[in-house]
There are 2 protein chains.
Amino acid sequence: MGAEADEFQRYLRTKGLKLTSQREGILERVLTVRKHFSAEELFDSLRDDPRGISKATVYRTLALLVEAGLLEEHDFERGHKVYERAANRTHHDHLICVACHRIVEFHDEQVERRQEQVAREHGFEVVSHTHQIFGRCPRCRQTGAAPAQPPRSGRLRAQRG
Amino acid sequence: MGAEADEFQRYLRTKGLKLTSQREGILERVLTVRKHFSAEELFDSLRDDPRGISKATVYRTLALLVEAGLLEEHDFERGHKVYERAANRTHHDHLICVACHRIVEFHDEQVERRQEQVAREHGFEVVSHTHQIFGRCPRCRQTGAAPAQPPRSGRLRAQRG
DNA sequence: TTCCGTGCAAATGATTTGCAGGACT
DNA sequence: AGTCCTGCAAATCATTTGCACGGAA
């Protein structure tokens, strides 16, 4: 099942690569994730996988999935990439809570249009863009939660259990 | 001279810190730079400085300058921060050429407004934002320059000589 | 003398890569 | 046989930090 799985296999084929069990395992997992995730988190979630997938392979496969167009890669916090499924999803940007790190997606036609316009005015041909709005989410505004310490190397809160 | 120098000194004072010769040297240099620069580039440009400023001090001082509001910090390429003067400058975002890395600034009221609006709709209180449009600049579109290989660890093209 | 600052070198931490053995064709 | 892969451990690389000495209040 999965047009995406086929898509990946097709991509690999064009590159003379194979869909190994590890890559399959990673793909499956990736397709079940709803939100944004980091390579580390993905690796953690695969700990119990019988195929025993190494961290190196996770990184290598994530790169392939991005190349194949199945995943989108974001760089919200320095030195910490985050991924999300690209398929079946319309383009969107992100609102990120500086206190709890919650990520909310948004899409605004007006912004998109102006963006194109601006690029055109400068003679640029748009290839892609990143638009992130950092702020305090409603929840954190109420609780007055502190801006969280994402100062150093922002490590995602380990989701254990 | 320099309202900015005063500004920095004022900031340091509030923190119980001092304006040492090294910090002064870094500040001076920073104030003469027109474009965006990395910590490494700044450090290089200070090699000839008689005060002998270490890389660690450059990093530490850059952080202070950002805190003081004199510099803005961007994270265009992963793991490679870039700075620019904040003073006397209105807010703006960036158009970045994927081929030659040229950076063009832009400001669009409409985008800014919509941005605020979007955040509000989601109950967010905006703290800051990043908006980068990646594309091909007019020059590179003509020459058909290749998208440059910023794949791995984006190291700025070493400007030697 | 008490902080604050600095340089140096070592530490970080996410991500990448070299290498040797395995698997699939 | 010949690729393509994988895991492991070591390497990267920008940035941070521990430490011990130096300087100004």
Side-chain angles (χ1 to χ4, degrees), chain A residues 8-9 11-27 37-44 46-47 49-67 71 73-83 149-158, chain B residues 8-9 11-27 37-44 46-47 49-67 71 73-83 149-158:
Chain A
F8 190 37
Q9 185 146 41
Y11 175 77
L12 292 175
R13 199 122 53 196
T14 69
K15 290 287 186 176
L17 308 178
K18 304 161 193 168
L19 181 56
T20 63
S21 67
Q22 285 91 335
R23 286 178 183 162
E24 209 161 27
I26 292 173
L27 175 61
F37 60 92
S38 67
E40 190 71 30
E41 290 172 326
L42 176 57
F43 172 67
D44 280 350
L46 286 166
R47 279 190 187 299
D49 193 293
R51 282 159 287 207
I53 301 169
S54 75
K55 194 175 289 191
T57 294
V58 167
Y59 275 103
R60 287 190 271 234
T61 303
L62 277 174
L64 287 174
L65 288 167
V66 170
E67 284 173 34
L71 287 184
E73 181 182 87
H74 301 295
D75 205 351
F76 295 155
E77 300 184 87
R78 80 158 241 78
H80 207 151
K81 292 181 191 163
V82 183
Y83 302 82
Q149 77 304 24
R152 304 312 174 201
S153 64
R155 143 148 6 165
L156 294 195
R157 43 283 169 219
Chain B
F8 189 38
Q9 184 144 42
Y11 174 77
L12 291 175
R13 198 122 51 196
T14 69
K15 289 287 185 177
L17 307 178
K18 305 161 193 167
L19 181 57
T20 63
S21 66
Q22 284 92 335
R23 287 177 182 163
E24 208 161 29
I26 293 173
L27 174 62
F37 60 93
S38 66
E40 189 71 31
E41 291 172 326
L42 176 57
F43 172 67
D44 280 351
L46 286 166
R47 280 191 187 299
D49 193 293
R51 282 160 286 205
I53 301 171
S54 74
K55 193 175 291 191
T57 294
V58 167
Y59 276 102
R60 287 191 271 236
T61 304
L62 278 174
L64 288 173
L65 288 166
V66 170
E67 284 173 35
L71 287 183
E73 181 182 86
H74 301 295
D75 205 351
F76 295 155
E77 300 183 88
R78 80 158 239 78
H80 207 150
K81 292 181 191 163
V82 182
Y83 302 82
Q149 78 303 28
R152 303 310 174 204
S153 66
R155 141 148 9 164
L156 293 196
R157 40 282 167 221

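Since the structure is predicted, the reported quantities are computational estimates derived from the model, not experimental observations. In what follows, chains carry the letters A, B, and so on, assigned in the order in which the sequence lines appear, proteins first and then strands, with residues in each chain numbered from 1. Keep in mind that the numbers below use all heavy atoms, side chains included, and drop hydrogens, waters and symmetry copies.
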Considering non-hydrogen atoms only, spot the tightest contact between A:Ile53 and A:Phe43 and give its length.
O-CE1, 3.3 Å
Could you run down the sub-3.5 Å N/O contacts of the protein with nucleotides 20-25 of chain C?
none

Would you mind reading off the distance between B:Leu64 atom CG and C:dT6 atom C1', rounded to a whole angstrom?
13 Å
From CG of B:Leu12 over to C1' of C:dC3, roughly how many Å is that when rounded to an integer?
15 Å
Shortest non-hydrogen pair, A:Leu46 vs A:Gly25, comes out as CD2-O, 4.1 Å
Applying side-chain contact (heavy atoms from CB on, under 4.5 Å), name anything that partners B:Ala56, two or more places apart in sequence or on another chain.
B:Ser54, B:Arg60
Could you pull out the closest heavy-atom pair between A:Tyr83 and A:Val66, with the gap in Å?
CE2-CG2, 3.7 Å
Per the side-chain hydrogen bond (donor to acceptor under 3.5 Å, both in side chains) rule, what does the pair list look like for residues 13-23 of chain A, sequence neighbours excluded?
none
What's the shortest heavy-atom distance between B:Ile26 and B:Thr57, and which atoms?
CD1-O, 3.8 Å
Give the intermediate values and the outcome of side-chain contact (heavy atoms from CB on, under 4.5 Å) for residues B:Phe37 and B:Leu62.
CA-CA 11 Å; B:Phe37 60 93; B:Leu62 278 174; 4.0 Å; yes
Closest heavy-atom pair, A:Tyr59 versus A:Glu40, reported as atoms and distance to 0.1 Å, is OH-OE1, 4.4 Å
Enumerate all atom pairs, one protein N or O and one N or O from nucleotides 20-22 of chain D, separated by less than 3.5 Å.
none

B:Phe37 atom CZ is separated from D:dA14 atom C1', nearest whole Å, by 16 Å
Taking only residues two or more places apart in sequence or in another chain, which ones pass salt bridge (Lys or Arg N to Asp or Glu O under 4.0 Å) with A:Glu73?
A:Lys81
Expressed in angstrom and rounded to an integer, what is the separation of B:Leu19 atom CG from C:dC3 atom P?
22 Å
Measuring from B:Leu17:CG to B:Tyr11:OH, what's the distance to the nearest 0.5 Å?
7.5 Å
Could you tell me how far apart B:Leu17 (CG) and C:dT6 (C1') are, to the nearest whole angstrom?
14 Å
Report, one pair per line, the protein and nucleotides 6-10 of chain D atoms (nitrogen or oxygen only) whose separation is under 3.5 Å.
| from | atom 1 | to | atom 2 | distance (Å) |
| --- | --- | --- | --- | --- |
| D:dT6 | OP1 | A:Thr20 | OG1 | 2.7 |
| D:dT6 | O3' | A:Gln22 | NE2 | 3.3 |
| D:dG7 | OP1 | A:Gly52 | O | 2.5 |
| D:dG7 | OP1 | A:Ser54 | N | 2.9 |
| D:dG7 | OP2 | A:Ser54 | N | 3.2 |
| D:dG7 | OP2 | A:Ser54 | OG | 2.4 |
| D:dG7 | OP2 | A:Thr57 | OG1 | 2.1 |
| D:dG7 | O5' | A:Ser54 | OG | 3.3 |
| D:dG7 | N7 | A:Arg60 | NH2 | 2.8 |
| D:dG7 | O6 | A:Arg60 | NH2 | 3.4 |

Which listed nucleotide (C:dG5, C:dA14, D:dA14) is nearest to the side chain of A:Tyr59?
C:dA14
Just how far, in rounded Å, is P of C:dT12 from CD of A:Glu40?
16 Å
Grab the NE2-C1' distance between B:His80 and C:dA14 for me, whole Å please.
16 Å
So does B:Lys81 get a side-chain nitrogen or oxygen closer than 4.0 Å to the phosphate oxygens (OP1/OP2) of D:dT16?
yes
Given atom CD of B:Glu24 and atom P of C:dG5, what is their separation to the nearest angstrom?
14 Å
CG on A:Leu27 to OG1 on A:Thr61, rounded to 0.5 Å
9.5 Å
